[in-house]
Chemist: 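So that we are looking at the same thing, I have put the structure below in structure tokens.
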Amino acid sequence: MAEIVGGFLMPHDPLIPSITDAAEPTQRDRVLGAFEQIARRIDKLEADTAIIIGDDHYALFGPHCIPRCLIGIGDVEGPAENWLGFETGVIENNEPLAKHILFSGYDDGIDWSFAKALTVDHGVAVPHHYCVKSNVGLRTIPVYLNCGVMPVVQGRRAQQIGQSIRRAIGSWGGKERVVVFGTGGISHWVGSTEMGRVNESFDRRILALAGAGDVEGLIALSDEEILREGGNGALEIRNWICAMAALGESRAELMLYEPVPQWITGIGFAELKAA
Amino acid sequence: MSTNALEKALWQIGTNPVETERYRACPQTYAAEFRLDEAERAILAELDVGAMARRETSTLLLMMAFLAVRGPASMGEYMQSMNRPA
């Protein structure tokens, strides 16, 4: 039986690779070090598949079609953005397991969309670059939740999707060892007049809720409260909810928090541990 | 009358280099292709991101389209436009 052997919360901020040196050197080094720490931890966990839960930024999916939740079940490549500084290339998928998550999700009532040929954006590409590439043989299943375009995925639905992913892995006949990434920034305002603001008190409140394993507390945060206190980018904590639900009863053990206005984001890293 | 149509135009401009070039060649002609009222056509043609944001157009799209049209070094100009009083 396949099993989830680990989980992590991390940023996917595109400014980390694209303007790395804009941050204070100590902050930059701590953030890059946290990514490296996760990559090493994945190696120790002997994981062979990473499910990366990210979100589109109104670039892959347009006003004509915005999936609430989407899974890549076929070819995956990326990144879509040439300004990240990454070489565009193939991202190896675990297609059989991805398809099983899709069909198992249908049985659970999850409204999955699916992609047969997906070019990922930084929402998946940044975690993949820093935490997957160095682990030879580690395959990636990309999952996109709509956290960027109103109306966004609800916290409760993000939890249900995560729970469905967990059930799917538990019912899969393979022997995969899976890690799950919940990705995204905490407070950040993207493209608005407040861009560059970081709300550290909001960030620490989110990290405290995650640290206590209080998924219900995270779900209770309304769109309006998140937008007011954390900005439009902070809706990405719904990706975190999904990952925490995939791990089952879990709490987020803080690895690092850095408020980085130069990268316009409150940045948090945590390892998900059984509660 | 349609933030949806504004977002459709901005998405095309921001994600498709051919569309970006068509917009650059004649913003007024490009704006006329969408179901917009006169004021909306004007702010799209002027790439007045502040005015479009006040109509609740997605700021993700506004930034992406602005940088596609004006270039990746135009972030300062974008923020000036966003902060310009109505």
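To find a chain, count down the sequence lines: A is the first, B the second, and so on, and within it residues start at 1.
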Chemist: Check each atom of B:Met82 against the heavy atoms of chain A and say whether the ones under 4.5 Å are side chain, backbone, both or neither.
Modeler: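 For B:Met82, backbone and side chain are both near chain A.
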
Chemist: For A:Phe114, look at atom CZ and say whether over 12 heavy atoms of other residues, nucleotides or ligands are found less than 6.0 Å away.
Modeler: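 Open: at most 12 neighbouring heavy atoms sit under 6.0 Å from CZ of A:Phe114.
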
Chemist: Parallel, tilted or perpendicular: which fits the ring planes of A:Phe86 and A:His129, with parallel below 30° and perpendicular above 60°?
Modeler: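 Plane angle under 30°, so parallel.
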
Chemist: Please tell me whether B:Trp11 and A:His64 form a close aromatic pair, meaning their ring centres lie under 6.0 Å apart.
Modeler: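 Yes - the distance between ring centres of B:Trp11 and A:His64 falls below the 6.0 Å cut-off.
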
Chemist: Side chain from CB out, backbone as N, CA, C, O: work out which of these in B:Phe66 comes under 4.5 Å of a heavy atom of chain A, or both, or neither.
Modeler: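 Neither; nothing under 4.5 Å.
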
Chemist: So do the side chains of B:Glu7 and A:Tyr58 get within less than 4.5 Å of each other, counting heavy atoms only?
Modeler: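 Yes; the side chains approach each other to less than 4.5 Å.
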
Chemist: Using a cut-off of under 4.5 Å for heavy-atom pairs, which of B:Asn4, B:Val49, B:Leu10, B:Leu61 has the most such pairs with chain A?
Modeler: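 Heavy-atom pair counts peak at B:Leu61.
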
